[in-house]
Chemist: 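Supplied in structure tokens, the structure appears directly below.
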Amino acid sequence: MARIDFGGTMEEVITREEFPLAKAKEVLKNEVIAVIGYGVQGPAQSLNMRDNGFKVIIGQAPEFKREWDKAVKDGWVPGKTLFPIEEAAKKATIIQYLVSDAAQKVIWPKLKACLKEGDALYFSHGFSIVYKEQTGVIPPPTVDVILVAPKGSGASVRANFLAKSGINSSYAVFQDHTGRALERTLAVGIAIGSGYLFPTTFQQEVYSDLTGERGVLMGAIAGIMEAQYDVLRENGHSPSEAFNETVEEFTQSLIRLVAENGMDWMYANCSTTAQRGALDWKPRFKASTLPVFRELYQSVKDGKETEIVLRVNSAPDYREKLEAELKTIRDSEMWKAGAAVRSLRPENWKKR
């Protein structure tokens, strides 16, 4: 393990130099990995492992035709590398449980019956294990229970792999029946194309993930963007100007500077006027949002957020209601302006 100084706190991480692909192949040479679910993370992780030369099969319910057809389109062959969920699980030694959190609760009784002694049950989210009182997901003591959680969407996991970089992932072992749980975890983490791996626990992973998704990664940034856009429009700015100042400059310029060398470097490479305003207003935005983030984190710890997820996402009309909510965003002036702005990017000129 490499010891890295993260702002004064030393952490141990696993890099691909320390745990190369060849070592991962040696660890997993006798393993068959079944990816259960071909929705968000399933395609990316399975395709990356297949491209890296591991023995991978897919378990997907055929009645979910969209996902089944996508798997076939991606080159998985029914009866050879693509099977119904229970059949795939019985054939595998490592079962990657990558259906949605709500679906994990529903499918669990059938999947549990397929587990053999010595199998590894793999998650990319600590949800079902940590909130077992709500999900009923309690693995038998005769299997390893492991986690690798890429810090990005499935699309990003695949795109970064194809770009020969990688999404960083956290890893954890919840249950080690075989004595090989850790090496299996790290090997699969490398197999799916992780940039580097850092340790966590199932509980810490799900607490941070649920907070992050509702906060800076998705919920907070969307809410802040809408608020700024509305204020600019209320004061007579055009949709194009409001969107460019709110979203386009952030996503196409500033966030790339942050990704390259950090927030201080981004500040240093902006105008002195922008620097002064950012430094003056940053404490006020932090003071305003800190209580909200504390409330959010407590809601995650208390299980309120997971209760909502399981209740809403298990409803029979879930997809219809989700599409209605997404349509409200898509049809708003702000994101219609966004579609127009994106069409004007140079790389899209030929498409117009």
Side-chain angles (χ1 to χ4, degrees), residues 39-41 43-44 47 66 70 73-74 150-168 193 195 212-282 284-285 288-289 319-352:
V40 179
Q41 282 288 337
L47 291 171
R66 183 178 63 180
K70 176 174 171 50
K73 184 178 179 181
D74 286 344
K151 299 296 105 179
S153 68
S156 299
V157 170
R158 183 60 176 164
N160 281 37
F161 176 85
L162 294 174
K164 302 188 184 305
S165 55
I167 289 285
N168 302 326
E213 290 168 347
R214 285 150 179 73
V216 169
L217 300 179
M218 296 175 68
I221 194 66
I224 290 170
M225 285 177 172
E226 288 182 11
Q228 177 171 300
Y229 182 90
D230 288 353
V231 168
L232 291 173
R233 290 290 286 128
E234 287 166 5
N235 285 277
H237 298 271
S238 68
S240 178
E241 185 169 57
F243 189 85
N244 272 280
E245 288 295 338
T246 300
V247 179
E248 194 75 352
E249 188 171 355
F250 173 69
T251 59
Q252 298 301 300
S253 174
L254 299 184
I255 199 63
R256 297 179 181 182
L257 299 181
V258 176
E260 188 172 345
N261 276 310
M263 188 67 73
D264 60 322
W265 195 82
M266 185 268 277
Y267 280 6
N269 284 273
C270 291
S271 71
T272 55
T273 301
Q275 289 172 7
R276 186 69 267 141
L279 292 168
D280 288 347
W281 278 87
K282 181 180 78 70
R284 295 186 63 179
F285 278 108
S288 297
T289 58
R319 288 184 181 271
E320 291 81 2
K321 287 185 175 178
L322 172 64
E323 176 53 31
E325 290 179 289
L326 296 179
K327 188 175 186 297
T328 299
I329 297 173
R330 184 167 59 246
D331 289 348
S332 69
E333 183 194 87
M334 176 178 169
W335 290 107
K336 284 186 175 180
V341 169
R342 289 192 296 275
S343 75
L344 294 171
R345 292 175 187 166
E347 64 268 24
N348 293 325
W349 286 353
K350 293 182 180 180
K351 300 176 184 178
R352 298 180 65 233

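Residue numbers count from 1 along this sequence. Here the structure is a predicted model, which is why all the values come from computation and not from measurement.
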Chemist: List the atom of Ala44, the atom of Gly154, and the distance in Å for their closest heavy-atom pair.
Modeler: CB-O, 3.1 Å
Chemist: Between atom CG of Leu162 and atom CG of Leu47, what is the distance when rounded to the nearest 0.5 Å?
Modeler: 8.5 Å
Chemist: Kindly compute the distance separating CG (Asn244) from OH (Tyr229), expressed to the nearest 0.5 Å.
Modeler: 10.5 Å
Chemist: Name all residues meeting the side-chain contact (heavy atoms from CB on, under 4.5 Å) criterion together with Ala274; count only those two or more places apart in sequence or in a different chain, and write none if there are none.
Modeler: Cys270, Ser271
Chemist: Carefully, step by step, assess Met225 and Ile221 under the rule side-chain contact (heavy atoms from CB on, under 4.5 Å).
Modeler: CA-CA 6 Å; Met225 285 177 172; Ile221 194 66; 3.8 Å; yes
Chemist: Which pairs count as salt bridge (charged side-chain N to carboxylate O under 4.0 Å, His left out) when at least one residue sits in residues 266-282, sequence neighbours excluded?
Modeler: Arg276-Asp280
Chemist: Please give me the minimum heavy-atom distance between Gly193 and Phe161, naming the atom from each residue.
Modeler: CA-CD1, 4.1 Å
Chemist: Do any N or O atoms from the side chain of Ser165 and from the backbone of Asn160 form a donor-acceptor pair under 3.5 angstrom?
Modeler: yes
Chemist: Please list all pairs passing the salt bridge (charged side-chain N to carboxylate O under 4.0 Å, His left out) test where one or both residues lie in residues 232-242, with sequence neighbours left out.
Modeler: Arg233-Glu333
Chemist: Quick check: closest heavy atoms across Lys327 and Asp331, and the distance to 0.1 Å?
Modeler: NZ-OD2, 2.5 Å
Chemist: Taking side chain to side chain donor-acceptor pair (under 3.5 Å) as the test, write out the residues that go with Arg158, two or more places apart.
Modeler: Asn48, Asp51
Chemist: After noting the C-alpha distance and the side-chain angles of Val247 and Trp335, does the key distance pass the side-chain contact (heavy atoms from CB on, under 4.5 Å) rule?
Modeler: CA-CA 10 Å; Val247 179; Trp335 290 107; 4.0 Å; yes
Chemist: Would you sort out whether Glu323 and Arg330 count as a side-chain contact (heavy atoms from CB on, under 4.5 Å), showing the intermediate values?
Modeler: CA-CA 10 Å; Glu323 176 53 31; Arg330 184 167 59 246; 2.5 Å; yes
Chemist: Tell me the closest heavy-atom pair linking Leu254 and Met266, and the distance in Å.
Modeler: O-CG, 3.6 Å
Chemist: Looking at every non-hydrogen atom in both residues, tell me the closest pair between Gly338 and Phe243 and how far apart they are.
Modeler: CA-CZ, 3.2 Å
Chemist: Can you list every salt bridge (charged side-chain N to carboxylate O under 4.0 Å, His left out) pair that touches residues 245-264, not counting sequence neighbours?
Modeler: Glu248-Arg345
Chemist: Give, for atom OG1 of Thr289 and atom CD1 of Ile224, the distance between the pair rounded to the nearest 0.5 Å.
Modeler: 6.5 Å
Chemist: Work out which heavy atom in Ile167 is nearest to a heavy atom in Lys151; give both atom names and the distance.
Modeler: CG2-N, 3.3 Å
Chemist: Holding to side-chain contact (heavy atoms from CB on, under 4.5 Å), I want the full list of residues that pass it with Arg66, two or more places apart in sequence or in another chain.
Modeler: Arg319
